[in-house]
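Here's the structure, in structure tokens; my notes come after.
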Amino acid sequence: MRKVCFLFLAGSLLMPAGCSAADMMQICEDKVGEHIQQISDIEANEDYIQYISLAEEGKLDEEGRYNELGEYEAFTADRNLPESPEDTADRKQVHITFAANGYLTVRYYYDADLKEPIETDFCYLDPGESIYAPQPESRNPYTNSYVFSEFRIYGYDSDGSRSRIPGLSGRDSSVLTIPKDFIGTELSVEPVGEYQRRIVAFDAYTIDKNGNHKAVIGGVWKVNDEQYADDTAELSPSDAYIIRYCYNSEEYYVVDSEPAFYSDNGGVVEFPRTTSMDKEDSYSVQLHPYGSAVLEGDPDGIRGISAVKVNQADYYGEYPIEDTEIRKLKAGDRILIETSDEYRLFCPQMDIHEETPGGGVYRYSFTMPDSNETIRLRVGKSALKVSVAGNVGNKVLFDIETDGTVKRDCVYEKQSFGRDCIIFDGNIGIEEAVSISVKGGSLPADHALRMDIVREDSNGNETEEIAYITVLPGSWTIDVYQCH
């Protein structure tokens, strides 16, 4: 202000002759404006440059507003401009507006066949007419649990107050049907979605030898460390979470899971972290009970076991062994056992492979079956004594055959009545059978050859059996294992 006043006073002192005070005032204002323009740098401003350009082209009206018609022309009622739909005399009664839902994609149509799309910026209907739409698509970028719920219809009264009008939406693709007696002029369509609670199902099971699923009792499901006793959980649709299953690792091992688990550590199966956009709604874990094998029989034979390996890894580490149960075996595990001092191994439940490296050592191997039963392995030797009692007449020859021994033409001489003749006495393998054939000579009429068979197991337990051969030649087979 001080500078303006100074310039004004200077101008007054230098006022030329013939200039009025008003002229001098205008000159002063022009000088001040030029000076302000110079010090403001406005001439370099892009908006100012564009403004000056439009002014020179005559595209600004008297008030400095842009006019795309070029030279300013006042708008008049008779100007030939296109009429807006609102100004047409034949427009329909009810103006329809459509609210936008940023998480739903909706397409509206005039017909039930969905062939005539609606321009939502301009829609008028008469009472009795309808609007249709296919199922809106969810496009929520944060969760897949947001789904379309319903269309809500709102009306407006003369004061502009908004209120919901129930009963105007139909089924299937029908969005709105205006009642024929509707007297209003404004309706609004609003698509509404909802966040559904996420229902997740859990399943822990085993499969028996017949292929039947059996639920596992005693396991615990956890979601972010919160326990769920039931087989389902209702979760927030917007949260991320980690699901774990805790089981008895001394009794079961994990076979498979759906989806694939992230880790299995110390009886806890952990699944990958799930976000709100993941679609997993069920989690399952297939468990299998551990199997076992038990060594039974002769204590000396068990102490003589020199190796037990599971999948080529030594099971016990120290020998002789004290614990006779081989635990936590999985289906398909390969088991190897070595015995010494001519002790043999026999399993009544399955076939096992036997090798004889020599030196009184026997090596056995088998694959753990896919069953829950305990495999029982018998270790030991068997003593067998076979004697013939009574008079058998003339010379009789005996052939005695075991799995590893053959004795032929054993002779039994006639002896006094009542005395026994032992024709076999010795140890045989626990898995073996003994076949005795009697030949030569003859039996008197109505007589039979009686054999007394005594078996003794490695624990000293005896069993007796009497066999009769009535015709020569004849034979008798003794199943050694059946005596135990």
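Residue indices begin at 1 and follow the sequence shown. Excluded from the calculations below are hydrogen atoms, water molecules and symmetry mates; all remaining heavy atoms, backbone and side chain alike, are included. Computed from a prediction, not measured in an experiment: that's the story for all the values here.
In terms of modelled atom types and a separation under 3.5 Å, the side chain of D208 and the main chain of N210 share a donor-acceptor contact. A donor-acceptor contact shorter than 3.5 Å is absent between the side chain of S169 and the backbone of L176. A donor-acceptor pair under 3.5 Å links the side-chain atoms of Q93 to the main chain of G184, judged by distance alone. For the pair S138 (side chain) and V147 (backbone), a donor-acceptor distance under 3.5 Å is absent. Looking at D159, its side chain never comes within 3.5 Å of a backbone N or O of S161 through a donor-acceptor pair.
Under the side-chain hydrogen bond (donor to acceptor under 3.5 Å, both in side chains) criterion, Y241 pairs with R198, sequence neighbours left out. Here E258 pairs with nothing under the side-chain hydrogen bond (donor to acceptor under 3.5 Å, both in side chains) rule; sequence neighbours left out. Among residues two or more places apart in sequence or in another chain, the salt bridge (charged side-chain N to carboxylate O under 4.0 Å, His left out) test is passed with R164 by E150. The ring pair (Phe, Tyr, Trp, His ring centres under 6.0 Å) search around F202 returns W221, not counting sequence neighbours. Here Y362 pairs with E342 under the side-chain hydrogen bond (donor to acceptor under 3.5 Å, both in side chains) rule; sequence neighbours left out. Every residue two or more places apart in sequence or in another chain was checked for a salt bridge (charged side-chain N to carboxylate O under 4.0 Å, His left out) with D256, and none qualifies. The salt bridge (charged side-chain N to carboxylate O under 4.0 Å, His left out) check on E137 picks up nothing, with sequence neighbours excluded. In this structure E270 satisfies the salt bridge (charged side-chain N to carboxylate O under 4.0 Å, His left out) test together with R244, sequence neighbours excluded.
Closest approach of N101 to P191, counting heavy atoms only: ND2-O, 3.2 Å. In terms of heavy atoms, P127 sits closest to P179 at CB-O, 3.2 Å. When all heavy atoms of T177 and G128 are compared, the pair lying nearest together is CG2-O, 4.4 Å. Nearest heavy-atom pair, P272 versus A260, reported as atom, atom and distance to 0.1 Å: CD-O, 3.5 Å. L104 and G193 get closest at one heavy-atom pair: CD1-N, 4.0 Å. Closest of all the heavy-atom pairs between L345 and Y364 is N-OH, 3.0 Å.
Applying the ring pair (Phe, Tyr, Trp, His ring centres under 6.0 Å) definition to pairs two or more places apart or across chains, those involving residues 261-280 are F271-Y283. Under the side chain to side chain donor-acceptor pair (under 3.5 Å) criterion, the residue pairs touching residues 307-325 are S292-E325, N311-D333, D314-Y319, D323-R327, E325-R327, with sequence neighbours excluded. Every pair passing ring pair (Phe, Tyr, Trp, His ring centres under 6.0 Å) that includes a residue from residues 153-196 is listed here, sequence neighbours excluded: Y146-Y195. Every pair passing salt bridge (Lys or Arg N to Asp or Glu O under 4.0 Å) that includes a residue from residues 118-130 is listed here, sequence neighbours excluded: K92-E129.
Residues I321 and L295 have side chains in contact (heavy-atom distance under 4.5 Å, counting atoms from C-beta outward). Under the 4.5 Å side-chain criterion, counting only non-hydrogen atoms from C-beta, E250 is in contact with K328. Residues I375 and Q349 form a side-chain contact, since some pair of their non-hydrogen atoms from C-beta on lies under 4.5 Å apart. When side chains are defined from C-beta on, R197 counts as touching S236, because their heavy atoms get closer than 4.5 Å. Side-chain contact between L187 and I153: present, with at least one pair of heavy atoms (C-beta onward) separated by less than 4.5 Å. The shortest side-chain heavy-atom distance between F98 and I131 falls under the 4.5 Å cut-off. F366 places none of its side-chain heavy atoms less than 4.5 Å from the side chain of H353. For the pair I178 and I96, the minimum side-chain heavy-atom distance is below 4.5 Å.
Note that CD1 of I242 and CG of N224 are 6.5 Å apart. Values are rounded to the nearest 0.5 Å. In this structure, CG on L235 lies 7.5 Å from CD1 on I199, to the nearest 0.5 angstrom. Interatomic distance, H95 NE2 to E186 CD, rounded to the nearest 0.5 Å: 5.5 Å. One distance of note links NE2 of H288 with OG of S371; it measures 7.5 Å at 0.5 Å rounding. In this structure, E190 CD and T97 OG1 are separated by 10.0 Å, a value rounded to the nearest 0.5 Å. If you take CD1 on I217 and OG1 on T206, they are separated by 10.0 Å, rounding to the nearest 0.5 Å.
The pair D225-K222 does not count as a salt bridge, with every side-chain nitrogen at least 4.0 angstrom from each carboxylate oxygen.
Ring orientation note: the planes of F151 and F148 are tilted relative to one another, at an angle of 30° to 60°.
Of the options Y247, Y253, Y245, a side chain to side chain donor-acceptor pair (under 3.5 Å) to D264 is made by Y247 and by none of the others.
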